[in-house]
Amino acid sequence: MVMHCCSSMVRSPFRSLQLFGSRDCSSYVSRMRYLMRLKEDDEACRTALQSGNVLLYHKLEPLLTQTQKGMYHLHMLQATDVKGILGKLGKDEQLLNTSVLIGCSDNDAAQFSLDVGSLEKAAVEEMCGGVFVDLRKAFFLLKEKDTPLVTKGQALLRWHQTHAYCSATGEPTQRNQAGSQRVSPTNGATYYPQMAPVVIVLVSDGKRCLLARQSTFPEGMYSALAGFCDMGETIEETLRREVAEEVGLEVESLQYSSSQHWPFPQSSFMVACHATVSSDNAEVNLNGVELEDARWFTLEETEDALKKKAFPQGAKGEPTAIWVPPRYAIANKLIREWAIQQKKS
Ligand SMILES: NC(=O)c1ccc[n+]([C@@H]2O[C@H](COP(=O)([O-])OP(=O)(O)OC[C@H]3O[C@@H](n4cnc5c(N)ncnc54)[C@H](O)[C@@H]3O)[C@@H](O)[C@H]2O)c1
Ligand SMILES: [Mg+2]
């Protein structure tokens, strides 16, 4: 989609997206219908849990295992194995029922996540032959295909841990078996897991792209501009406002790229776009409260930054090389897309 910011003019309303390759449609539909039923039917969900797969977390750190080749992968356990571990560590099996539904495997097994933060970490690791890893670190170790599930598992567990009470009455809320909602017992208020919508945008002046850094970023890392949507805003309005606020530029057009669930620091729904500004009005006027720096990068400089590994170690006394967020971050995708497009033109 290419949209002009100042009007509702839409140049290309239908952008076809190749969504999921050549997946077998009917089994995809049946898996989604199955998950839908488990969210609505507590009894069916409890039954599915007994034969399901469980991804363990310890205080929100997922359990990973290392293969002989040094690769890491998610360590899914059978629910029966989890019960065995709970029993051996003197914990009530009922803890398994605090699992939340996160998906359905290609073999039609329901998948759950469970936080065993009340158990001794080292003891669980030893029994499972795995290791609990901070989620940011896990992203560097896991294959890209595993990151959405591990992110979703953590996000849902965190939401339950931080939304145990009704915000109107202060009473404890009760969750359904799938963990897809919580209900306040007296006023019936229903709470659903929340994500904060965020626009992330790679701005270009036709020849260069704009990358910026916050003072809290790791040394040398530059990224695309990002900002939370204000209540009532459209994606286009947020994008236009954030670019104006952060770098003092007026966006002329924008194009949707893709989206991503981002777990840090809380769940955000990242909507990634490309945008252009006029090369005649491309002077950056930095908002120093939010950003430490923002600079225009040529294609060559951008490609150099894309080639750098995360956290590069330079020679002593040398300034740290400029690098961009790693592949699992949608900022990286935007930057790669821009570089490919730029080479073509
Ligand atoms: N996945 C990626 O590639 C990628 C890249 C860049 C940024 N991000 C994420 O985008 C998010 C937003 O970026 P930003 O920090 O530049 O946003 P921002 O420019 O909107 O500035 C953050 C400030 O916005 C305010 N704010 C308004 N609504 C908020 C909400 N719902 N939650 C938290 N703060 C809110 C707070 O005062 C906060 O300090 C961050 O969480 C960041 O982790 C992800
Ligand atoms: Mg920002």
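For reference, positions follow the sequence shown, starting with 1. Just follow the structure's listing: the first ligand is 1, and inside any ligand the first atom is 1.
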> Is there a donor in the side chain of Gln94 and an acceptor in the side chain of Asn97, or the other way round, less than 3.5 Å apart?
Replying inline: yes
>> I'd like to know if Lys121 and Glu61 make a salt bridge, using a cut-off of under 4.0 Å between side-chain N and carboxylate O.
In response: yes
>> Looking at every non-hydrogen atom in both residues, tell me the closest pair between Leu55 and Val150 and how far apart they are.
In response: CD2-CA, 4.3 Å
> Do Thr238 and Asp230 come within less than 4.5 Å of each other through their side chains, counting heavy atoms only?
Replying inline: no
> Taking atom NZ of Lys333 and atom OG of Ser259, what is their separation to the nearest 0.5 Å?
Replying inline: 8.5 Å
> What about the rings of Phe140 and Tyr328, do their centers lie closer together than 6.0 Å?
Replying inline: yes
>> Taking 2.8 Å as the limit, list every protein N, O or S atom around the Mg ion (ligand 2), by chain and residue number.
In response: Ala226 O, Glu246 OE2
>> Please determine whether a side-chain nitrogen of the Lys or Arg among Arg240 and Glu237 lies less than 4.0 Å from a carboxylate oxygen of the Asp or Glu.
In response: no
>> Could you tell me if Tyr72 and Asp146 have a donor-acceptor pair between their side chains, going purely by distance under 3.5 Å?
In response: no
> Checking side chain to side chain donor-acceptor pair (under 3.5 Å) for the pair Glu250/Asn281: CA distance, chi angles, key distance, verdict?
Replying inline: CA-CA 8 Å; Glu250 179 87 33; Asn281 286 304; over 6 Å; no
Show me the short polar-atom pairs for ligand 1: any N or O of it lying under 3.5 Å from a protein N or O, with distances only.
from	atom 1	to	atom 2	distance (Å)
ligand 1	1 (N)	Gln260	OE1	3.2
ligand 1	3 (O)	Ile330	N	3.3
ligand 1	3 (O)	Ala331	N	2.9
ligand 1	16 (O)	Gln214	NE2	3.0
ligand 1	16 (O)	Ala226	O	3.0
ligand 1	19 (O)	Ala226	O	3.0
ligand 1	19 (O)	Glu242	OE1	3.4
ligand 1	19 (O)	Glu246	OE2	2.7
ligand 1	19 (O)	Glu290	OE1	3.0
ligand 1	20 (O)	Phe228	N	3.0
ligand 1	41 (O)	Phe264	O	3.3
ligand 1	43 (O)	Trp262	NE1	3.1

